[in-house]
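A, B, ... follow the sequence lines: proteins, then strands. Residue 1 opens every chain.
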2 protein chains.
Amino acid sequence: MKRTAAFLAEKGIRPSYQRLRIYGALAGTKEHPSAETIYRELLPEIPSLSRTTVYSTLALFTRHGLAVQIPIDGEEMRYDADTSEHGHFRCSSCGRVFDFPIAKGSLAPELPAGFKAEIVQLFCVGTCAACAAGEEE
Amino acid sequence: MKRTAAFLAEKGIRPSYQRLRIYGALAGTKEHPSAETIYRELLPEIPSLSRTTVYSTLALFTRHGLAVQIPIDGEEMRYDADTSEHGHFRCSSCGRVFDFPIAKGSLAPELPAGFKAEIVQLFCVGTCAACAAGEEE
DNA sequence: TTCTCTGCAAACGCTTTGCACGGAT
DNA sequence: ATCCGTGCAAAGCGTTTGCAGAGAA
């Protein structure tokens with residue numbers, strides 16, 4: 001946790017207990033959790049935690065570049081602490097979101113003149129290997 | 001409109017007046033409208049129109065492959081009648097969504113074995129040419 | 001008749017806002 | 001003393017659902 005505190009501090013975020021735990025929950029999983037998921041995960045250990053804090057903290061992380069928003073399903077916003085270039089695959093059967101690598105440069109679209117992209121995201125929706133193999137959810 | 005009626009019919013959708021008009025509103029613009037936008041556009045001419053009808057009709061079009069959902073901003077769902085392969089760029093300043101071409105094959109990501117993508121979408125968020133040129137709004 | 005479509009109103013789920021308390025600076 | 005972070009409750013917004021009436025087949 002000491003590491004995390006220093007990491008948040010150097011990004012300009014005061015390392016409060018809640019922020020440390022929320023960052024830990026986000027960075028420690030590949031599940032691309034939503035605010036609700038993180039809230040429910042931490043609640044048993046931090047009974048006083050409120051959803052408001054989770055939402056505002058995730059917004060703070062996003063503003064400071066520690067997390068990326070993944071609006072892959074129009075239902076709930078998901079977050080990813082991995083801000084490097086990669087794609088996201090959502091299984092329409094089980095709902096899980098997976099990372100997948102993308103060929104370098106393939107995400108450098110030829111935008112019309114004058115357009116400047118700050119965020120580039122590649123989304124896929126389909127069926128994951130587990131669900132395709134017949135494991136219903 | 002005759003054309004549109006036949007088009008909907010051959011896709012297995014009964015061409016009611018509302019459906020024709022909603023399809024027309026969607027296909028006749030490059031604005032990637034939301035349900036609310038279409039509703040407000042048609043309301044003056046179809047005063048009895050309800051949001052419910054717009055929502056259910058757009059869902060119907062999506063199910064039948066006449067429209068694609070674009071969850072580019074996690075706020076409201078946008079729709080596109082152009083189902084061909086292209087990218088979407090959202091200007092974070094003015095909120096408009098633009099199409100842009102993508103190099104053939106660049107949207108064929110190397111998914112892990114067993115994964116099968118049905119929908120592939122490339123999203124960018126940034127500043128459009130007009131906003132970059134200083135036109136606030 | 002029977003089935004589908006439409007539309008109103010209410011409900012729902014995710015997220016944001018207003019406000020007050022408490023702790024840090 | 002001031003500022004910032006937290007948390008509760010309520011509101012907000014996009015969307016879906018329940019239900020009834022109108023219309024097509």
Side-chain angles (χ1 to χ4, degrees), chain A residues 4-5 8-9 11-26 32-64 66-79 90 95 97, chain B residues 4-5 8-9 11-26 31-64 66-67 69-79 90 95 97:
Chain A
T4 307
L8 293 190
K11 294 283 185 176
I13 293 175
R14 282 200 215 152
S16 75
Y17 180 68
Q18 284 87 338
R19 289 171 176 176
L20 289 171
R21 297 302 307 271
I22 291 169
Y23 187 79
L26 179 62
H32 310 82
S34 62
E36 181 68 20
T37 305
I38 291 177
Y39 172 71
R40 278 210 277 256
E41 183 183 331
L42 296 179
L43 195 58
E45 294 172 52
I46 317 173
S48 70
L49 185 66
S50 84
R51 263 176 261 263
T52 305
T53 300
V54 178
Y55 277 102
S56 69
T57 300
L58 290 171
L60 183 72
F61 290 168
T62 302
R63 251 181 282 124
H64 284 72
L66 278 82
V68 175
Q69 291 191 320
I70 309 171
I72 200 169
D73 67 358
E75 287 167 22
E76 53 184 9
M77 185 62 76
R78 288 163 176 267
Y79 292 84
R90 180 168 64 86
V97 174
Chain B
T4 307
L8 293 191
K11 294 283 184 175
I13 293 176
R14 279 197 219 157
S16 74
Y17 180 67
Q18 284 87 340
R19 289 171 176 176
L20 288 171
R21 297 303 306 274
I22 292 169
Y23 187 79
L26 178 63
E31 301 287 317
H32 310 82
S34 63
E36 181 68 21
T37 305
I38 292 176
Y39 172 71
R40 279 210 275 255
E41 182 183 333
L42 295 178
L43 196 58
E45 294 171 52
I46 316 173
S48 70
L49 185 66
S50 84
R51 264 176 260 263
T52 305
T53 300
V54 178
Y55 277 102
S56 68
T57 300
L58 290 171
L60 184 71
F61 289 167
T62 302
R63 250 181 283 126
H64 284 73
L66 278 82
Q69 291 191 320
I70 309 172
I72 199 170
D73 66 0
E75 286 167 22
E76 53 183 9
M77 185 63 75
R78 288 162 176 270
Y79 292 84
R90 179 168 64 87
V97 175

Would you give a per-nucleotide map of nucleotides 8-20 of chain C, 5' to 3', where B means the base has a protein non-hydrogen atom under 4.0 Å away, S means only the sugar-phosphate does, and - means neither?
-> BB----SBBB---

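The interatomic distance linking Tyr17(A) (OH) with dA24(C) (C1') rounds to 18 Å, in whole Å. Taking atom CD1 of residue Ile38(B) and atom C1' of nucleotide dG14(D), one finds them 14 Å apart after rounding to whole Å. If you take CD1 of Ile46(B) and C1' of dC5(C), they are 14 Å apart, rounded to a whole angstrom. For the pair Gln18(B) CD and dT4(C) P, the interatomic distance rounds to 17 Å; values are reported in whole Å. Between the CD1 atom of Ile22(A) and the C1' atom of dG5(D) there is a distance of 11 Å, given to the nearest Å. Atom CZ of Arg63(A) is separated from atom P of dG5(D) by 10 Å (rounded to the nearest Å). To the nearest angstrom, C1' of dG7(D) lies 15 Å from CG of Leu42(A).
The closest side-chain heavy-atom distance from Ile38(A) to Leu58(A) is below 4.5 Å. Side-chain contact between Asp73(A) and Val97(A) is absent, with no heavy-atom pair separated by less than 4.5 Å. You'll find the side chain of Leu60(A) reaches within 4.5 Å of the side chain of Arg19(A), heavy atoms only. Here the side chains of Tyr79(B) and Gln69(B) are in contact, with some heavy-atom distance below 4.5 Å. At least one side-chain heavy atom of Ile22(A) sits under 4.5 Å from a side-chain heavy atom of Phe61(A).
Between Leu49(B) and Leu43(B), the shortest heavy-atom distance links the atoms O-CD1, 3.8 Å. The heavy-atom pair separating Pro71(B) from Gly74(A) by the smallest distance is CB-N, 3.9 Å. Closest non-hydrogen pair, His64(A) versus Lys11(A), comes out as CD2-O, 3.1 Å.
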Please enumerate all protein N or O atoms sitting under 3.5 Å from an N or O of nucleotides 21-25 of chain D, with distances to 0.1 Å.
none

